[in-house]
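What you are looking at is a predicted structure, and each value in this text was computed from that prediction instead of being measured. The residues of the chain are indexed from 1 along the displayed sequence.
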Amino acid sequence: MEGLYSVSETVLRYAVEYSTLLLELFGICILVFTAVKSFIFWLKKDESIRLELAQGIALALEFKLGGEVLRTVVVREWSELGILGAIIALRATLTFLIHWEIEKEKIALQPKESINKDTPS
């Protein structure tokens, strides 16, 4: 029975580690894609660059936060849990602040978008 428990624990640890790496890779890919897209918007002098960049950063942070939450499954020591808790709190705070900035940016862009739609081309 102990052998089965040991094998199950090892399988769980590897599954969590690979899943965490996959989630963090998704976050990195989203962040790089958003950065390139935002740079193109900047070259075109698009007004929505800040909104697009903030939304991409928020999505990337959410994937990375998911990886950190998943990592808590295999934590063995209190010191590791404290570090993970601090990382999760920091990323959650950053995500909250970015979402707040996104809402402010949407409100700031609304009058400009309605003016541009009302003007005949």
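Taking CG of Leu23 as the start and CG of Leu65 as the end, the distance is 10.0 Å to the nearest 0.5 Å. Annotation: the span from Ile49 atom CD1 to Lys37 atom NZ amounts to 11.0 Å, rounded to 0.5 Å. Note: Glu101 CD to Leu51 CG = 9.5 Å, rounded to the nearest 0.5 Å. Rounding to the nearest 0.5 angstrom, the gap separating the CD1 atom in Ile87 from the CD atom in Glu68 is 5.0 Å. Atom CD of residue Glu77 and atom CG of residue Leu81 lie 11.0 Å apart, to the nearest 0.5 angstrom. Separation of atoms CG (Leu97) and CG (Leu61) is listed at 10.5 Å; rounding is to 0.5 Å.
For the residue pair Thr93 and Ala89, the shortest heavy atom distance occurs at OG1-O, 2.8 Å. Contact record, Gly27 with Ala60: O-CB, 3.3 Å, taken as the closest heavy-atom pair.
Judged by the 6.0 Å and 45° rule, Lys44 forms no cation-pi pair with Trp42.
Ile102 and Ile30 end up in different hydrophobic clusters when Ile, Leu, Val, Met, Phe, Trp and Tyr side chains are linked at under 4.5 Å. In terms of hydrophobic clustering, with Ile, Leu, Val, Met, Phe, Trp and Tyr side chains grouped at heavy-atom distances under 4.5 Å, Leu109 and Ile107 are assigned to different clusters. With hydrophobic clusters built from ILVMFWY side chains whose heavy atoms lie under 4.5 angstrom apart, Phe26 shares a cluster with Leu59. One hydrophobic cluster holds both Leu43 and Phe41 under the rule that ILVMFWY side chains link at heavy-atom gaps under 4.5 Å.
Judged as a side-chain contact (heavy atoms from CB on, under 4.5 Å), and not counting sequence neighbours, the contacts of Val16 are Leu12, Thr20, Leu70, Val73, Val74. Here Leu53 pairs with Thr34, Ser38, Ile57 under the side-chain contact (heavy atoms from CB on, under 4.5 Å) rule; sequence neighbours left out.
The residues Glu24 and Arg71 are annotated as salt-bridged, a charged nitrogen and a carboxylate oxygen being separated by less than 4.0 angstrom.
Side chain of Ser6 to main chain of Glu2: no donor-acceptor pair is present (N/O by atom type, distance under 3.5 Å, no hydrogens or angles).
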Residue pair His99, Gln55: steps toward the side-chain hydrogen bond (donor to acceptor under 3.5 Å, both in side chains) verdict: CA-CA 8 Å; His99 280 292; Gln55 288 174 334; over 6 Å; no
